[in-house]
Amino acid sequence: IKKERALAVIIDAILILGITFILQLILGSFLGVEVLANGTTEEVNTLYLILSTIMTVLVVIVYQGYVPSVNNGQTLGKKHFKIKVINENRENPSFVVHAFRNVLWWSVYLTLIFLPLYFVNPNIFSVISGIIDYVLFGAIIISLIAYLINPDEGALHDKVFKTRVVDENYQFGLKIEEMSEFKEEL
């Protein structure tokens, strides 16, 4: 599952970034924000920053939280590779667990939390955003190393949220094919 899981993350990231990019282009054209912000007022740029951040958080929450919570623990990337997320009870985790278990997107959530600081001092906001990105990059590296050392235990966020990524046919510790063989043995 190691390779499938990594490829599913890449597909999901491309989908999220693609959706967000398209929505930001639409928002930017609606607000009149030019590509390099030439000729736009500071108020328009600030409004774009706020709305763009909120929109990105919503896309991530819907894609990483809602989609797998109603789709058997699968995002589109996981569905393509026939894997899913389960909790310690071997059930589909809750919306909240799905939304927050993916460390890759935590910077999006934290940026929204610190967004009001932008109005106090944009430079401090930029510094804090940068620090958050570096710290979370370190968390991603640690999670990846933990996963590569012991893939059966999962990544750091799997441990924190008590989840596992398994084959989509996984049921009560056995794949469906193994369950039918197990019943025949009885």
Side-chain angles (χ1 to χ4, degrees), residues 5-70 75-78 85 87 93-149 154-163 165:
R5 184 175 181 171
L7 292 172
V9 167
I10 292 169
I11 287 173
D12 291 338
I14 289 169
L15 286 170
I16 288 172
L17 294 173
I19 291 167
T20 303
F21 178 73
I22 290 167
L23 291 174
Q24 287 175 346
L25 284 177
I26 293 168
L27 176 66
S29 66
F30 178 74
L31 293 175
V33 176
E34 295 177 18
V35 175
L36 296 175
N38 292 331
T40 57
T41 64
E42 187 176 332
E43 292 83 17
V44 170
N45 288 333
T46 301
L47 180 61
Y48 176 78
L49 173 70
I50 294 166
L51 294 176
S52 176
T53 301
I54 291 169
M55 186 174 49
T56 301
V57 169
L58 290 175
V59 168
V60 170
I61 287 173
V62 167
Y63 190 81
Q64 293 291 347
Y66 179 75
V67 170
S69 70
V70 299
T75 57
L76 294 176
K78 286 182 180 68
V85 176
N87 64 17
S94 69
F95 165 80
V96 173
V97 169
H98 278 297
F100 291 102
R101 70 177 287 277
N102 196 329
V103 70
L104 187 62
W105 301 105
W106 287 355
S107 66
V108 173
Y109 303 136
L110 290 172
T111 299
L112 183 63
I113 290 169
F114 285 101
L115 190 59
L117 191 56
Y118 178 83
F119 300 105
V120 176
N121 187 326
N123 294 328
I124 293 175
F125 172 77
S126 294
V127 169
I128 289 176
S129 270
I131 291 169
I132 289 169
D133 288 343
Y134 283 115
V135 169
L136 289 176
F137 180 73
I140 291 168
I141 297 299
I142 291 168
S143 186
L144 178 62
I145 291 169
Y147 179 69
L148 292 174
I149 290 172
L156 180 63
H157 59 274
D158 289 318
K159 291 177 179 140
V160 170
F161 289 96
K162 299 180 181 173
T163 58
V165 176

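Predicted model only: the values in this text are computed from it and were never measured.
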| Nearest 0.5 Å, what's the CG-CD1 distance between Asp133 and Ile140? | 9.0 Å

| said: Using the side-chain hydrogen bond (donor to acceptor under 3.5 Å, both in side chains) criterion, which residues pair with Asp158? Sequence neighbours excluded. | reply: Arg5, Arg101, Thr163

| task | Tell me, with the steps shown, if Val67 and His98 meet side-chain contact (heavy atoms from CB on, under 4.5 Å). | result | CA-CA 9 Å; Val67 170; His98 278 297; over 6 Å; no

| Can you check side-chain contact (heavy atoms from CB on, under 4.5 Å) on Phe95 and Val70, steps first, answer last? | CA-CA 8 Å; Phe95 165 80; Val70 299; over 6 Å; no

| field | Gap separating the CG atom of Leu17 from the OG1 atom of Thr56, nearest 0.5 angstrom | value | 9.0 Å

| Rounded distance [0.5 Å steps], CG in Leu136 versus CD1 in Ile131 | 12.0 Å

| Can you tell me how far the CG atom of Asn123 sits from the CD1 atom of Ile128, to the nearest 0.5 Å? | 11.5 Å

| task | Give a yes or no on whether Lys162 atom NZ has more than 12 heavy-atom contacts from other residues, nucleotides or ligands under 6.0 Å away. | result | no

| Interatomic spacing from CD1 in Ile142 to NE2 in His157 - rounded to 0.5 Å | 14.0 Å

| said: So, using side chain to side chain contact (heavy atoms under 4.5 Å, CB included) as the criterion, who are the partners of Ile113 when residues are at least two apart? | reply: Leu110

| query | Do Ile50 and Phe119 come within less than 4.5 Å of each other through their side chains, counting heavy atoms only? | reply | yes

| task | Go through Leu23 and Val59 one step at a time and tell me if the side-chain contact (heavy atoms from CB on, under 4.5 Å) criterion holds. | result | CA-CA 10 Å; Leu23 291 174; Val59 168; 3.7 Å; yes

| Value rounded to 0.5 Å, distance of CG in Leu51 from CG in Leu58 | 10.5 Å

| Stepwise, does the side-chain contact (heavy atoms from CB on, under 4.5 Å) test hold for Met55 with Thr20? | CA-CA 8 Å; Met55 186 174 49; Thr20 303; 5.6 Å; no

| query | Counting N and O atoms only, with roles assigned by atom type, does the side chain of Ser143 sit under 3.5 Å from a partner on the main chain of Ala139, one being a donor and the other an acceptor? | reply | no

| query | Looking at residues at least two apart in the chain, or sitting in another chain, which of them share a side chain to side chain contact (heavy atoms under 4.5 Å, CB included) with Thr53? | reply | Leu49, Thr111, Leu112, Leu115

| By side chain to side chain contact (heavy atoms under 4.5 Å, CB included), which residues pair with Leu76, not counting sequence neighbours? | Leu15, Tyr63

| task | Quick one: list whatever passes side chain to side chain contact (heavy atoms under 4.5 Å, CB included) with Leu25, sequence neighbours left out. | result | Phe21

| message | Could you work out, with ring-ring contact (aromatic ring centres under 6.0 Å, His included) as the rule, every residue matching Tyr118, not counting sequence neighbours? | response | Phe125

| remark: Applying side-chain hydrogen bond (donor to acceptor under 3.5 Å, both in side chains) to Ser52 and not counting sequence neighbours gives Gln24

